[in-house]
S.K.: 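I am attaching a structure below and will ask some questions about it afterwards.
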Amino acid sequence: LGWKIIVLYDCVMLQLIVYESKYEEQLSRLIIELQEYELRYNLDRESGLVMVAKYREELLFETTSRSGQIILAEDNGQIAGFIAYYLEKDTINKLPHLYIPDLVVSERHRKKGIAKKLMEYVENVATKQNIGSIRVGALANSPSVDFYKKLGYSVEALQFLKKVEN
């Protein structure tokens, strides 16, 4: 079950590792960091410490039950990030696509090409499984929008939110 893919990239030894329970603490740390980062762009989110356990279990359930995986990136011996993906069917044309609910690279490991390598891994999975598309979400005002566009992803839909008083 536990296997590694070693990628040499810009003189950095990057290993991609399939998630196992022994990495629970590192995965939790990255989920918390993602949530705290997203709080900068959306103040209505819960603190990472409040939601991490429940969210981690939901993510593990979704990836396991929907033919997906969580792939960890190890940069010079440290878990630097992860990507999660799973299979979904389009609501309109019912064609399968891979959905990426999370891509996280720890702040101290950014600007090394790790996120790009994680995305390339999922793109390779889609190609090998003959899946024609990949979907990923991003907060509208976050830097990740430009990142995905640079990788060739296009904006397909926008969601709008209006708060109503109870």
Side-chain angles (χ1 to χ4, degrees), residues 1-7 9 14-35 37-38 41-42 45 48 51-75 78-107 109-110 112-140 142-159:
L1 260 184
W3 52 272
K4 295 182 179 185
I5 300 168
I6 299 174
V7 181
Y9 186 75
L14 181 65
Q15 296 185 52
L16 302 183
I17 306 164
V18 175
Y19 175 81
E20 297 178 64
S21 60
K22 69 182 179 180
Y23 297 109
E24 181 178 311
E25 183 180 322
Q26 293 95 329
L27 180 63
S28 296
R29 178 182 49 79
L30 288 164
I31 290 170
I32 291 168
E33 187 171 335
L34 171 66
Q35 196 67 6
Y37 175 81
E38 288 183 347
Y41 300 97
N42 182 346
R45 296 199 170 247
M51 55 70 73
V52 65
K54 181 180 176 192
Y55 185 80
R56 183 187 63 242
E57 295 310 311
E58 288 173 2
L59 187 62
L60 289 167
F61 174 78
E62 292 295 333
T63 55
T64 303
S65 66
R66 293 178 166 199
S67 303
Q69 290 182 313
I70 297 173
I71 302 296
L72 302 169
E74 185 179 87
D75 177 19
Q78 295 182 338
I79 299 298
F82 80 89
I83 193 166
Y85 69 90
Y86 50 80
L87 190 62
E88 280 190 336
K89 286 198 177 181
D90 188 275
T91 55
I92 297 171
N93 63 24
K94 304 298 182 203
L95 294 175
H97 64 265
L98 291 182
Y99 177 67
I100 299 171
D102 288 310
L103 169 61
V104 184
V105 175
S106 181
E107 197 163 356
H109 292 277
R110 291 186 190 147
K112 295 180 179 182
I114 295 171
K116 183 178 178 184
K117 286 298 175 192
L118 287 165
M119 291 296 291
E120 287 172 355
Y121 176 88
V122 175
E123 290 170 7
N124 287 332
V125 169
T127 299
K128 287 178 184 173
Q129 293 183 9
N130 202 27
I131 297 170
S133 62
I134 299 169
R135 292 182 189 228
V136 59
L139 294 175
S142 76
S144 58
V145 173
D146 288 333
F147 169 76
Y148 294 123
K149 285 180 178 180
K150 285 179 187 174
L151 294 180
Y153 290 76
S154 58
V155 176
E156 181 182 63
L158 299 173
Q159 290 183 342

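Note that this is a predicted model, so its numbers are computed, not measured. In this chain, numbering begins with 1 at the start of the sequence shown.
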S.K.: So for atom CG, which belongs to Asn93, do other residues, nucleotides or ligands contribute more than 12 heavy atoms lying within a distance under 6.0 Å?
M.R.: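 Counting neighbours around CG of Asn93, more than 12 heavy atoms of other residues, nucleotides or ligands fall under 6.0 Å, so yes.
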S.K.: Search all heavy atoms of Pro101 against all heavy atoms of Ala84 and return the closest pair with its distance.
M.R.: CD-O, 3.1 Å
S.K.: Within the side chain of Gln35, is there an N or O that forms a donor-acceptor pair under 3.5 Å with the backbone of Val52?
M.R.: no
S.K.: Could you check whether any side-chain N or O of Arg66 sits under 3.5 Å from a backbone N or O of Glu88, counting only pairs where one atom can act as donor and the other as acceptor?
M.R.: no
S.K.: Taking C-beta and beyond as the side chain, do Leu16 and Leu118 meet within less than 4.5 Å on heavy atoms?
M.R.: yes
S.K.: Suppose we screen for ring-ring contact (aromatic ring centres under 6.0 Å, His included). Which residues come up paired with Tyr148, at least two apart in sequence or across chains?
M.R.: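 With neighbours one apart ignored, the set is empty.
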S.K.: In Å, rounded to the nearest 0.5 Å, how long is the span from CG of Leu98 to OG of Ser67?
M.R.: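 Answer rounded to 0.5 Å: 9.5 Å.
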S.K.: Between atom OH of Tyr99 and atom CD of Glu62, what is the distance when rounded to the nearest 0.5 Å?
M.R.: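 Tyr99 atom OH to Glu62 atom CD measures 10.0 Å (nearest 0.5 Å).
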S.K.: So, taking the atom named CG in Leu30 and the one named OH in Tyr23, what distance separates them when rounded to the nearest 0.5 Å?
M.R.: 13.0 Å
S.K.: Rounded to the nearest 0.5 Å, how far apart are CG of Leu151 and CG of Asp146?
M.R.: 11.0 Å
S.K.: Give me the atom names and distance for the closest heavy-atom approach of Leu87 to Pro96.
M.R.: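 Of all heavy-atom pairs spanning Leu87 and Pro96, the closest is CD1-CB, 3.9 Å.
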S.K.: Is it the case that over 12 heavy atoms from other parts of the model lie below 6.0 angstrom from the CD atom of Glu57?
M.R.: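 Result for CD/Glu57: enclosed.
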S.K.: With a 4.5 Å cut-off on side-chain heavy atoms, are Val105 and Lys112 touching?
M.R.: no
S.K.: Before you tell me yes or no, could you show the steps for Thr63 and Tyr19 under side chain to side chain contact (heavy atoms under 4.5 Å, CB included), namely the whole-Å CA-CA distance, both residues' side-chain angles and the distance that decides it to 0.1 Å?
M.R.: CA-CA 11 Å; Thr63 55; Tyr19 175 81; over 6 Å; no
S.K.: Applying side chain to side chain contact (heavy atoms under 4.5 Å, CB included) to Ile17 and Ile79, what does each step give before you reach the verdict?
M.R.: CA-CA 9 Å; Ile17 306 164; Ile79 299 298; 4.3 Å; yes
S.K.: Rounded to the nearest 0.5 Å, what separation is found between the CG atom of Leu14 and the CG atom of Asp75?
M.R.: 6.5 Å
S.K.: I want to check something: taking the side chain as every heavy atom from C-beta on, are Tyr85 and Val136 in contact at a cut-off of under 4.5 Å?
M.R.: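 Side chain of Tyr85 against side chain of Val136, heavy atoms only: no contact under 4.5 Å found.
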S.K.: Can we say Lys117 and Glu120 salt-bridge, meaning some charged N sits less than 4.0 Å from an Asp/Glu carboxylate O?
M.R.: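 So Lys117 pairs with Glu120 through a salt bridge.
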S.K.: How would you list, by chain and number, every residue that makes a salt bridge (charged side-chain N to carboxylate O under 4.0 Å, His left out) with Glu156, sequence neighbours excluded?
M.R.: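 Per chain and number, Glu156 pairs via salt bridge (charged side-chain N to carboxylate O under 4.0 Å, His left out) with Arg135.
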S.K.: Would you say that Leu34 contacts Tyr55 through its side chain, given a criterion of any heavy-atom pair below 4.5 Å between the two side chains?
M.R.: no
S.K.: Treating Thr64 as the side-chain partner and Phe61 as the backbone partner, does any N or O pair qualify as donor plus acceptor under 3.5 Å?
M.R.: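 No.
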S.K.: Would you say Val122 and Ile71 make side-chain contact, with heavy atoms under 4.5 Å?
M.R.: no
S.K.: Quick one: pull up OG in Ser65 and CG in Leu60 and give me the separation to the nearest 0.5 Å.
M.R.: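 These two atoms lie 10.5 Å from each other.
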S.K.: Shortest non-hydrogen contact from Glu33 to Arg110?
M.R.: OE2-NH2, 4.0 Å
S.K.: Between Gln69 and Tyr121, does any side-chain donor sit less than 3.5 Å from a side-chain acceptor?
M.R.: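 Judged by distance alone, the side chains do pair up.
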